[in-house]
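Proteins get letters first, then strands, A, B, ... in listed order; numbering begins at 1 in each. Remember, predicted model here, so these are calculated numbers, not experimental data.
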Protein chains: 2
Amino acid sequence: MKITYKGDYALKAIFQLALHYGKSDECVMSISEIAKLGDMPVKFLEQILLALRRGGFVKSRRGVKGGFLLARHPKEIKVGEVIRFMEGPIEPIACVEKESYKGCKDVAGCIFRDIWKEVKNSVCAIVDALTFEDLIIRYKEKSLKKSSMLEYNI
Amino acid sequence: MKITYKGDYALKAIFQLALHYGKSDECVMSISEIAKLGDMPVKFLEQILLALRRGGFVKSRRGVKGGFLLARHPKEIKVGEVIRFMEGPIEPIACVEKESYKGCKDVAGCIFRDIWKEVKNSVCAIVDALTFEDLIIRYKEKSLKKSSMLEYNI
DNA sequence: ATAATCACTACTAAAATAATCATATTTATC
DNA sequence: GATAAATATGATTATTTTAGTAGTGATTAT
């Protein structure tokens with residue numbers, strides 16, 4: 001039941017780009033900039049960003065002052081989409097999506113399959129309802145709360 | 001977001017023992033018997049059953065006519081318990097339970113952590129509400145349905 | 001020109017996974 | 001008491017996944 005670093009970093013990178021989004025189309029972020037903000041290894045993040053580009057999540061510009069930017073508006077990118085793209089289908093076990101599954105002679109009669117489907121649906125309901133715009137709103141609320149707590153010395 | 005074979009086989013083994021439960025305390029199942037029913041590799045299952053014994057889920061008897069049986073009533077064993085015991089904490093990422101997490105400088109301000117908590121809670125709600133008695137009921141309903149479908153040639 | 005930056009491919013070390021193997025110990029039954 | 005059937009335990013292994021690193025090439029603003 002784990003998300004890998006690959007998926008984690010992908011989400012963080014897109015989140016950084018989302019925070020940075022819209023100021024102007026010229027406004028790209030370099031890999032190293034994103035890596036620094038999210039505390040991620042640069043060369044590993046590079047691979048992830050290139051994958052995200054192929055997936056249509058981000059766009060890139062090469063050369064000096066090049067970098068990455070979101071290919072779509074943050075409200076058009078769902079968290080679940082990114083997870084699925086980076087990690088494969090959201091399902092606790094392969095038999096949920098694929099009918100063929102080694103460990104199961106009787107897929108139709110398998111009660112566990114039903115449970116995994118429930119789990120899958122419930123997880124998908126959460127991550128597919130969340131866009132990166134939602135995340136930004138949450139983030140801003142959080143940092144507002146934090147700063148006001150600081151202000152009043154709570 | 002995956003369950004491993006270890007966890008999968010553990011659930012299946014306990015389910016077989018649960019189906020077999022209560023007929024008498026003498027009524028144990030051998031590893032090979034369980035393995036056959038669940039289509040699992042015998043020696044791998046052996047390790048899993050021994051782990052489950054240490055975890056207090058099953059009891060064993062050695063020697064001829066030995067084997068395994070549940071240590072508790074099926075209604076006293078939750079699916080979530082077994083998953084946690086075999087796979088570790090149910091959480092998409094380590095930062096949910098543990099405060100220390102390499103990939104995150106700012107755990108408090110991290111919006112993803114909140115999402116993973118939501119996911120975790122929602123998954124736990126499902127698997128912690130399910131006992132092996134529930135599974136048996138589901139299973140019997142299913143096989144009843146199947147046999148009646150056969151009967152009426154649907 | 002050149003320096004900064006993305007693009008791509010290949011490689012690698014470590015960990016996890018899914019087992020197998022060998023050997024000991026226990027116990028019902030003949 | 002011998003034997004066979006079973007669990008108990010620890011070691012070993014093969015494969016895959018993960019999390020990177022390294023190097024080289026292509027592009028472009030200055």
Practice prompt. Assert yes or no for the condition that the ring centre distance of B/Y139 to B/F15 is strictly below 6.0 Å.
Written response: yes

Worksheet, complete the sentence: Here the distance between atom P of D/dT18 and atom CD1 of A/I3, to the nearest Å, is 11 Å

Item to complete: Write down the distance between OH (A/Y5) and P (D/dT21), rounded to a whole number of angstrom.
Response: 13 Å

Worksheet, complete the sentence: Separation of C/dA13 atom C1' from A/F44 atom CZ, nearest Å, is 14 Å

Discussion item. Looking at A/D8 and A/K12, is there a salt bridge between them, counting it only when a charged N and a carboxylate O are closer than 4.0 Å?
Written reply: yes

Discussion item. Taking the basic N atoms (NZ, or NE/NH1/NH2) and the acidic carboxylate oxygens, is any pair closer than 4.0 Å for B/E118 and A/R138?
Written reply: yes

Practice prompt. Rounded to the nearest angstrom, tell me the gap between atom CG in B/L45 and atom C1' in C/dC21.
Written response: 17 Å

Worksheet item: End-to-end bend of the helix from C/dA1-D/dT30 to C/dC30-D/dG1 (five-pair axes, 10° rounding)?
Response: 0°

Practice prompt. Kindly say whether, by distance alone, the side chain of B/Q47 makes a donor-acceptor pair under 3.5 Å with the base of D/dT7?
Written response: no

Practice prompt. Examine C/dA18: is either OP1 or OP2 under 4.0 Å from a nitrogen or oxygen in the side chain of B/Y9? Give yes or no.
Written response: no

Worksheet item: Ring centres of A/F85 and A/F57 under 6.0 Å apart?
Response: yes

Discussion item. If the threshold is 4.0 Å, N to carboxylate O, is there a salt bridge linking A/D134 and A/K78?
Written reply: no

Worksheet item: Are B/F44 and B/Y5 an aromatic pair by the rule of ring centers under 6.0 Å?
Response: no

Worksheet item: If we ignore angles and hydrogens, is there a donor and acceptor under 3.5 Å between the side chains of A/T4 and A/E87?
Response: yes

Within the sub-3.5 Å range, which N or O atoms of nucleotides 4-8 of chain C have a protein N or O partner, and how far apart are they?
residue, atom, partner, partner atom, Å
C/dC6, OP1, A/I31, N, 2.8
C/dC6, O3', A/S60, OG, 3.4
C/dA7, OP1, A/R53, NE, 3.4
C/dA7, OP1, A/S60, OG, 2.6
C/dA7, N7, A/E46, OE2, 3.2
C/dC8, OP2, A/R53, NH2, 2.7
C/dC8, N4, A/E46, OE2, 2.5

Worksheet item: Would you call B/E46 and B/K43 a salt bridge, using N to O less than 4.0 angstrom?
Response: yes

